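Let me begin by presenting the structure, written as C-alpha cells, before commenting on it.
None of the values given here were measured: they were computed from a predicted structure.
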Amino acid sequence: MAMLNFGGTEEKVVTREEFPLEKAREVLKDETIAVIGYGVQGPGQSLNLRDNGFNVIVGQRKGGASWDKAVKDGWVPGESLFEIEEAADRGTIIQYLLSDAAQIEVWPRLKPYLTPGKALYFSHGFGITYNDRTKIIAPEGVDVILVAPKGSGTSLRRLFLEGRGLNSSFAIDQDATGRAYERVVALGIGVGSGYLFETDFQREVYSDLTGERGTLMGAIQGIFEAQYDVLRANGHSPSEAFNETVEELTQSLMPLVAENGMDWMYANCSTTAQRGALDWKDKFRDAVKPVFQDLYKSVSSGEEAQRSIDSNSQKDYRVKLEAELKELSDSEMWQAGRTVRKLRPENAE
C-alpha cells in the first residue's frame with residue numbers, strides 16, 4: 001500500500017501499478033463471486049468483473065425487470081444467473097448490492113449461506129454501520145469488506161468501457177480468514193477502480209450520505225433552482241437562465257475542474273469572472289456551511305438513516321417517490337434542459 005501526500009496529509013492508497021489486474025485474478029482464481037442485486041451497482045460491477053476474467057454469477061429475484069435486464073446483459077439462467085438464495089449458496093464472495101431497504105428485507109434469507117470462510121462484500125457502509133436499526137450483523141467466521149466506487153454503477157461501467165477507472169474507497173470491518181485485505185483490493189481492481197483509498201464502514205457511510213444530500217445532488221439542485229428562479233424573476237428567458245445556470249457549468253467549466261482543478265479553471269477565466277468568483281465564494285461558503293454542519297450531525301446521529309429506512313419500507317414508497325421525481329422532471333428548468341440538450345451539436349439531426 002502506497003502513502004500519498006494530499007496537501008500535507010498522508011493517506012494510504014492502492015494503485016493499479018501496485019496491484020495489477022493479473023495479481024487480482026491470481027488472488028481470486030478459486031473464488032466464485034456472487035453479485036446479489038442487479039439494480040444500481042450490480043450491473044456495472046458484475047459486468048466489469050466478468051469482462052476482467054473473474055468467475056462471476058448473479059443472484060436476483062426471478063420475474064422482475066432486473067432479472068430481465070440481467071438476461072439481456074448476457075447472464076444465463078441456471079448457469080450464471082440464479083435466484084438470490086442459490087447464488088448465495090454457490091458464492092464464496094457474496095457482493096450484497098441490493099438497495100439499503102432491500103438488504104434489510106432479504107438479510108434473514110441470505111444470512112444462512114454465510115458459512116465460515118466466505119466474504120460478505122458491500123459497496124455502502126449503511127447496513128453494517130446502522131446495524132442496530134438494520135439488524136445486519138455478519139457471522140464471526142466471514143470476512144466483511146467494502147469497495148465503494150465514487151459514482152454510479154452506470155459511470156463505473158462507462159468509464160471501464162472507455163479504458164478508464166472510477167476511484168473507490170475500500171474498508172475491512174472483519175478479517176476472519178486473514179485474507180480480507182487481498183480479497184477486497186483484488187475485488188476493487190476487478191470492478192474497475194482507478195485507485196483505492198482506505199476508509200472504514202462508518203466514515204464511508206457518513207461521507208456518502210453527506211455527499212448525496214450535499215454537493216453531489218441535494219445542494220447542487222437547490223443552488224440550481226435558486227439561481228434559475230432569480231434569473232427568471234428578473235426577466236431572463238428559460239434558455240438563458242438554464243444555459244447560465246446548468247449548461248455552462250456541466251459542459252464547459254466542470255470538465256476543466258475535473259481535468260486540472262478549480263485553481264486552474266479560475267486562472268483561465270476572464271479577469272472579471274475571476275474577481276467576482278473570488279469576491280463571492282466566501283459569502284456562499286459562510287451561508288451554506290451551517291447547513292452542512294446540520295446535515296453531518298443528522299447523518300452521524302442516525303437520523304438520516306432512520307428516515308431512509310422508514311420511508312423506503314412504506315408500501316406506497318415507490319408511488320410517492322415517482323410523484324416527487326415527476327415534479328422535478330416537470331419543472332420549467334428541467335424542461336428547458338431537455339430542449340437545450342436536444343440542440344447540442346452532437347444531438348442535432
Side-chain angles (χ1 to χ4, degrees), residues 4 6-7 11 13 15-17 40-41 43-45 47-48 148-169 188 191-197 207-208 210-228 230-231 236-285 288 292 328-329 331 333-349:
L4 292 186
F6 292 88
E11 194 170 318
V13 302
T15 66
R16 294 181 182 184
E17 290 73 25
V40 178
Q41 282 289 338
Q45 293 200 34
L47 292 170
N48 289 359
K150 296 298 103 179
S152 69
T154 301
S155 298
L156 183 73
R157 181 61 175 168
R158 185 181 71 247
L159 291 173
F160 175 85
L161 293 174
E162 294 173 358
R164 302 159 63 194
L166 190 65
N167 299 332
S168 303
S169 60
V191 300
S193 301
Y195 78 88
L196 296 154
F197 59 93
S207 62
D208 188 72
T210 300
E212 289 170 348
R213 287 148 178 76
T215 60
L216 301 180
M217 295 175 68
I220 197 68
Q221 173 62 22
I223 290 171
F224 283 165
E225 288 181 11
Q227 179 169 303
Y228 182 90
V230 167
L231 289 173
H236 299 270
S237 70
S239 181
E240 186 169 48
F242 185 85
N243 274 280
E244 200 61 44
T245 299
V246 179
E247 190 76 352
E248 185 174 354
L249 174 70
T250 58
Q251 298 301 300
S252 175
L253 301 184
M254 281 299 105
L256 297 181
V257 175
E259 292 170 11
N260 301 296
M262 184 68 81
D263 54 338
W264 187 93
M265 194 269 282
Y266 269 45
N268 285 273
C269 287
S270 71
T271 55
T272 301
Q274 290 170 359
R275 183 69 270 143
L278 290 169
D279 287 345
W280 278 88
K281 72 175 182 65
D282 291 352
K283 294 180 181 180
F284 280 108
R285 181 200 62 208
V288 302
F292 278 97
L328 186 66
S329 177
S331 68
M333 180 172 67
W334 291 113
Q335 289 187 49
R338 284 190 285 275
T339 301
V340 169
R341 287 193 295 276
K342 290 178 182 177
L343 295 174
R344 290 176 188 164
E346 66 269 22
N347 295 328
E349 296 182 356

- [ ] Could you tell me whether the side chain of Ser193 and the main chain of Gly188 form a donor-acceptor pair under 3.5 Å?
- [x] yes
If you compare all heavy atoms of [X] against all heavy atoms of [Y], which two are closest, and at what distance to 0.1 Å?
X: Ile220; Y: Leu216; result: CG2-O, 3.8 Å
X: Val340; Y: Asn243; result: CG2-ND2, 3.9 Å
X: Gly192; Y: Arg16; result: O-NH2, 3.7 Å
X: Gly165; Y: Leu159; result: O-CD1, 3.9 Å
X: Gly337; Y: Phe242; result: CA-CZ, 3.2 Å
X: Phe292; Y: Gly214; result: CE2-CA, 3.7 Å

To the nearest 0.5 Å, what is the distance between [atom1] on [X] and [atom2] on [Y]?
X: Arg344; Y: Glu247; atom1: CZ; atom2: CD; answer: 4.0 Å
X: Trp334; Y: Phe224; atom1: CH2; atom2: CZ; answer: 5.5 Å
X: Asp208; Y: Lys150; atom1: CG; atom2: NZ; answer: 5.0 Å
X: Leu231; Y: Met333; atom1: CG; atom2: CE; answer: 11.0 Å
X: Leu253; Y: Tyr266; atom1: CG; atom2: OH; answer: 10.5 Å
X: Gln45; Y: Leu47; atom1: CD; atom2: CG; answer: 10.5 Å

Open item on the list: Just checking Met254: does its CE atom have more than 12 heavy atoms from other residues, nucleotides or ligands closer to it than 6.0 angstrom?
Closed with: yes
Side-chain contact test, heavy atoms from C-beta onward, threshold under 4.5 Å: evaluate it for [X] versus [Y] and give yes or no.
X: Glu225; Y: Gln221; value: yes
X: Leu256; Y: Asn268; value: no
X: Pro149; Y: Gln41; value: yes
X: Pro238; Y: Gln335; value: no

